[in-house]
A.B. asks: 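One structure, as structure tokens, below. Some questions next.
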Number of protein chains: 2
Amino acid sequence: MTNRKAHRTSADHASSPQDAPLPAPLPNANAPLQPPSRSGELAERNVLVDLVAVVVAVSHDEPRVLTLDDGASLPAGPFGSDARSLQTGLRDWVERQTHHPLGYVEQLYTFADRDRTGADGQRVMSISYLALTREQVERRAQAEGTWSSWYACFPWEDWRDGQPAVVREVLAPALTQWAAAAPSAMAREQRRRRASAAFGLDGAPWHDEMVLQRYELLHEARLTPESLRNVPEAERPAVIAPGRAMTGDHRRILATGVARLRGKIKYRPVVFELMPETFTLLDLQKAVEALAGRRTHKQNFRRLVEQQELVEETSEMSTTRVGRPARLFRFREEVLLERAIAGTKPAG
Amino acid sequence: MTNRKAHRTSADHASSPQDAPLPAPLPNANAPLQPPSRSGELAERNVLVDLVAVVVAVSHDEPRVLTLDDGASLPAGPFGSDARSLQTGLRDWVERQTHHPLGYVEQLYTFADRDRTGADGQRVMSISYLALTREQVERRAQAEGTWSSWYACFPWEDWRDGQPAVVREVLAPALTQWAAAAPSAMAREQRRRRASAAFGLDGAPWHDEMVLQRYELLHEARLTPESLRNVPEAERPAVIAPGRAMTGDHRRILATGVARLRGKIKYRPVVFELMPETFTLLDLQKAVEALAGRRTHKQNFRRLVEQQELVEETSEMSTTRVGRPARLFRFREEVLLERAIAGTKPAG
DNA sequence: CCGAATTATACTCATTCGGAGCATATAAAT
DNA sequence: ATTTATATGCTCCGAATGAGTATAATTCGG
């Protein structure tokens with residue numbers, strides 16, 4: 001249980017499939033950087049930099065995200081220059097704030113558009129991170145923030161019970177209308193195609209990782225509350241997409257995190273960061289399904305996990321409520337060293 | 001030819017496989033951000049932010065990178081707060097500096113470790129980008145910077161003629177020695193495994209996208225000049241890895257870019273950003289091979305490209321020097337809309 | 001105590017996909 | 001005419017994948 005905590009995985013450059021964990025920090029890259037060639041102007045000093053974290057856990061078959069302000073915002077805080085690295089800065093800060101030890105941490109994206117301004121009109125740059133942890137129920141009392149299912153923010157992303165009604169009844173018609181409202185025939189066709197590809201309309205397949213594109217498409221179609229903030233009452237469209245909006249562009253950041261995680265579980269064994277020490281294969285499957293938002297074939301899931309030797313048996317069996325008791329398994333930490341490949345792939 | 005320039009692809013959040021191009025910028029996300037909850041301290045204002053670009057092209061069967069200072073550094077410049085977004089800031093700046101129109105642009109990673117300090121000891125944060133372009137030979141005269149093969153920096157990455165001699169003769173022994181020098185038996189085993197997985201030793205397969213892990217492993221083993229900057233003469237190891245070092249951590253940034261691109265060409269049709277308007281299938285294959293650093297089966301490559309309908313025939317044939325003339329093809333821009341999947345995968 | 005319900009687990013079958021090789025076509029060079 | 005080099009079409013095999021069937025071990029409701 002605590003052994004797991006010592007085995008902090010972290011992949012800062014984690015976008016390529018095969019990053020192995022780096023146990024030790026890199027020694028000495030600390031030669032002073034040359035001032036970049038031909039930098040005529042001075043660099044901008046008046047930029048606020050802060051860190052935003054998408055902290056994910058899974059509990060009760062739901063993917064949860066750590067939120068503040070009653071689900072309205074993600075934990076965020078200033079980037080302190082004392083931190084050794086962004087990684088550790090984020091880790092320390094989140095752990096201090098929330099009393100949740102973080103497992104895997106990876107950088108998501110740096111947001112710095114001009115319209116991101118702080119209280120005094122200053123430009124705010126946010127470096128966002130994805131962090132995986134296990135929801136520690138016993139620590140909840142002292143922890144700050146609340147865990148909420150990310151499907152509260154993105155109801156259209158949960159296909160575990162088939163296509164959600166929202167998609168068919170609200171989004172599809174609204175997007176069709178948006179497409180039809182484009183000025184030129186080509187633009188209409190283009191919008192139609194984008195909507196189909198993103199939301200699996202017109203027989204197109206559903207791609208679970210396209211979370212960000214879907215959110216941005218809804219944003220562009222002005223179907224989100226966030227996109228309507230400066231739009232006068234009169235010009236607002238009739239419908240808006242259901243799902244809880246968030247402060248600033250936090251929902252976009254969340255979408256980025258969800259997209260990244262959904263993509264990642266397919267080729268890297270990161271789910272285990274979200275699992276308890278031991279678990280049944282069904283537990284594991286449920287966790288993957290919760291994250292991916294879609295069902296998987298049970299037998300094939302087992303075959304995949306076992307033939308890839310991601311787990312090892314324990315001698316214990318689950319104390320199941322009903323049905324045949326299942327064996328408890330444990331993640332084989334060795335795979336992090338042995339292989340660079342492998343993941344836990346749902347249908348895709 | 002110029003049509004292509006108008007079709008600027010850009011995927012800012014480009015780490016998930018399925019990002020569709022977003023032709024229009026998102027409207028109005030410009031509600032003021034709430035100051036992040038519980039941000040007790042003030043954000044750090046004394047951080048220099050600059051942009052670093054990994055600008056890639058392919059010519060003469062070599063993957064090239066735009067460098068300055070005779071190959072010693074990547075183009076970098078201050079982040080001006082006037083830029084609408086980081087994307088456009090980078091684009092404008094690179095195009096102004098180098099007179100190279102950029103095609104696809106995607107954010108790589110934000111570096112901000114404590115030891116990254118500027119001339120006056122100030123902390124420097126670098127937001128790095130990957131940009132794809134076609135090397136415009138005719139503009140070379142006015143352009144600044146030089147194109148150099150990235151294999152000049154990473155000689156061990158080029159497996160097009162089989163395992164490079166460097167790996168077998170220099171790196172493998174040096175890494176073995178490094179592994180053996182670990183304090184404990186477990187650490188030795190761990191180092192051995194990491195080296196094998198990264199460099200394909202002991203029969204392990206070679207993974208072309210593990211560029212960053214390999215570089216960082218060499219760094220950790222102190223086989224790179226960059227890792228020896230603060231190490232006194234006496235303590236330096238006998239061997240260092242061949243390959244041109246770069247300013248600061250630019251070589252690490254380059255490795256990040258190469259890794260990302262190698263990963264990306266397997267599932268997204270980005271190679272075409274590097275190709276001329278029309279090309280033969282062999283041209284395309286050579287480009288992919290140059291990027292991936294490994295050979296592919298010719299017939300299978302053709303099958304893949306054709307069955308995925310990535311290209312369409314033109315009526316013209318190549319004016320080949322020798323052998324049967326090949327048909328010229330053109331990229332089917334429609335696929336960017338139609339599908340979210342597909343790529344051009346070399347052996348993996 | 002028995003059977004229904006429920007879950008676990010083993011095994012089979014069909015299809016697809018990726019790697020590798022063979023065969024033939026069309027050009028230039030000698 | 002022969003050689004050489006490239007282009008292009010086709011086959012074969014094995015691994016991976018999707019989907020279904022069968023059997024085992026429990027709980028639960030009578």
Side-chain angles (χ1 to χ4, degrees), chain A residues 17 61 159 162 205-208 265-267 278-289 292 294-330 339 341-348, chain B residues 17 61 159-160 162 205-208 265-267 278-289 292 294-329 339 341-348:
Chain A
D61 298 344
W159 283 55
W206 176 261
H207 291 283
D208 52 53
I265 53 175
K266 291 181 192 152
Y267 57 85
T278 64
F279 46 82
T280 68
L281 293 181
L282 184 59
D283 291 339
L284 186 63
Q285 183 181 356
K286 284 287 175 65
V288 171
E289 289 178 346
R294 46 166 56 193
R295 294 259 171 255
T296 61
H297 183 105
K298 184 169 184 167
Q299 293 90 328
N300 291 345
F301 181 83
R302 295 174 53 93
R303 178 175 63 187
L304 190 72
V305 171
E306 291 193 318
Q307 88 183 6
Q308 298 209 135
E309 300 181 304
L310 295 173
V311 296
E312 60 192 3
E313 286 190 353
T314 69
S315 55
E316 289 159 85
M317 304 291 277
S318 75
T319 62
T320 176
R321 284 156 291 281
V322 64
R324 175 174 167 178
R327 182 166 296 280
L328 287 174
F329 289 84
R330 177 190 303 118
R339 276 171 273 159
I341 29 171
T344 325
K345 184 150 77 173
Chain B
D61 297 342
W159 283 55
R160 283 176 294 176
W206 175 262
H207 291 284
D208 52 52
I265 52 174
K266 291 180 189 152
Y267 57 86
T278 64
F279 46 83
T280 68
L281 293 182
L282 184 58
D283 291 339
L284 185 64
Q285 183 180 356
K286 285 289 176 62
V288 170
E289 289 178 346
R294 47 165 56 194
R295 293 260 171 254
T296 62
H297 184 106
K298 184 169 185 165
Q299 294 90 327
N300 292 346
F301 180 84
R302 295 173 55 92
R303 177 176 64 187
L304 190 72
V305 171
E306 291 193 318
Q307 88 183 6
Q308 299 207 139
E309 301 181 302
L310 295 173
V311 297
E312 61 192 2
E313 287 189 353
T314 69
S315 55
E316 288 158 83
M317 304 292 276
S318 74
T319 61
T320 178
R321 283 156 289 282
V322 63
R324 175 173 166 178
R327 182 166 296 280
L328 286 174
F329 289 84
R339 277 170 273 158
I341 28 170
T344 326
K345 184 151 78 171

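Proteins come first, then strands; the chains are lettered A, B, ... in the order of their sequence lines, and each starts at number 1.
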A.B. asks: Mind checking if B/Leu282 touches a base, just sugar-phosphate, or nothing, with heavy atoms under 4.0 Å?
C.D. replies: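 Sugar-phosphate: the residue B/Leu282, judged by heavy atoms under 4.0 Å, touches backbone atoms but no base.
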A.B. asks: Looking at B/Lys298, I'd like to know whether one of its side-chain N or O atoms comes within less than 4.0 Å of OP1 or OP2 on D/dA7.
C.D. replies: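 Looking at the OP1 and OP2 atoms of D/dA7, one of them is under 4.0 Å from a side-chain N or O of B/Lys298.
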A.B. asks: So which atom in B/Thr278 and which in B/Leu328 form the shortest heavy-atom distance, rounded to 0.1 Å?
C.D. replies: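 The answer is OG1-CD1, 3.9 Å.
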A.B. asks: Does the distance from a Lys or Arg side-chain N to an Asp or Glu carboxylate O, for A/Glu312 and A/Arg330, drop under 4.0 Å?
C.D. replies: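 Result for this pair is yes, salt bridge flagged.
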A.B. asks: Among the candidates C/dT6, D/dT8, C/dT9, find the nucleotide nearest to the side-chain atoms of A/Arg302.
C.D. replies: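 So the nucleotide nearest the side chain must be C/dT9.
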A.B. asks: Rounded to the nearest Å, what distance is computed from the CD atom of residue B/Gln308 to the C1' atom of nucleotide C/dT16?
C.D. replies: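 Whole-Å distance recorded here is 13 Å.
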A.B. asks: For C/dG18, does the base pair up with any side-chain atom of B/Asn300 as donor and acceptor (N or O, under 3.5 Å, distance only)?
C.D. replies: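 Answer is no: no donor-acceptor pair is held.
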A.B. asks: Go through D/dA24, C/dA27, D/dT17 for me and flag the one nearest to the B/Pro325 side chain.
C.D. replies: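 Nearest nucleotide to the side chain: C/dA27.
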A.B. asks: Does a distance-only test, which skips hydrogens and angles, find a donor-acceptor pair under 3.5 Å between the side chain of A/Arg303 and the base of D/dG18?
C.D. replies: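 Checked by distance alone, the answer is yes.
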A.B. asks: Using side-chain hydrogen bond (donor to acceptor under 3.5 Å, both in side chains) as the criterion, list what pairs up with A/Thr280, not counting sequence neighbours.
C.D. replies: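 So A/Thr280 forms a side-chain hydrogen bond (donor to acceptor under 3.5 Å, both in side chains) with A/Asp283.
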A.B. asks: Can you see which heavy atom on B/Phe329 is nearest to which on B/Leu281, and at what distance?
C.D. replies: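 Answer, listing the atom of B/Phe329 first, then B/Leu281: CE1-CG, 3.6 Å.
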A.B. asks: Rounded to the nearest 0.5 Å, what's the gap from NE2 on B/His297 to CD on B/Gln285? Could you check?
C.D. replies: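 Separation between the atoms: 9.0 Å.
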A.B. asks: Could you check which of D/dC10, D/dA25, D/dA7 has an atom nearest any side-chain atom of B/Gln299?
C.D. replies: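 Given the options D/dC10, D/dA25, D/dA7, the side chain of B/Gln299 is closest to D/dC10.
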A.B. asks: By nearest atom, which of the nucleotides D/dG9, C/dA20, D/dT8 is closest to the B/Glu306 side chain?
C.D. replies: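 Looking only at heavy atoms from C-beta outward on B/Glu306, the closest nucleotide is D/dG9.
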A.B. asks: Given atom CE of B/Met317 and atom P of C/dT26, what is their separation to the nearest angstrom?
C.D. replies: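 Distance, rounded to whole Å: 10 Å.
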A.B. asks: Please state how far atom CD in A/Gln307 lies from atom P in C/dT12, giving the value in whole angstrom units.
C.D. replies: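 Interatomic distance, CD of A/Gln307 to P of C/dT12: 16 Å.
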A.B. asks: Under 3.5 Å, is there an N or O donor on one side and an acceptor on the other linking the side chain of B/His297 and the base of C/dG21?
C.D. replies: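 Under the 3.5 Å cut-off, the side chain and the base do form a donor-acceptor pair.
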A.B. asks: Side chain of A/Arg324, heavy atoms from C-beta onward: which of D/dT17, C/dA20, D/dA24 has the nearest atom to it?
C.D. replies: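 Looking only at heavy atoms from C-beta outward on A/Arg324, the closest nucleotide is D/dA24.
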A.B. asks: Taking atom P of C/dT7 as reference, at what distance in whole Å does atom CG of A/Asp283 sit?
C.D. replies: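 After rounding, the gap between these two atoms is 13 Å.
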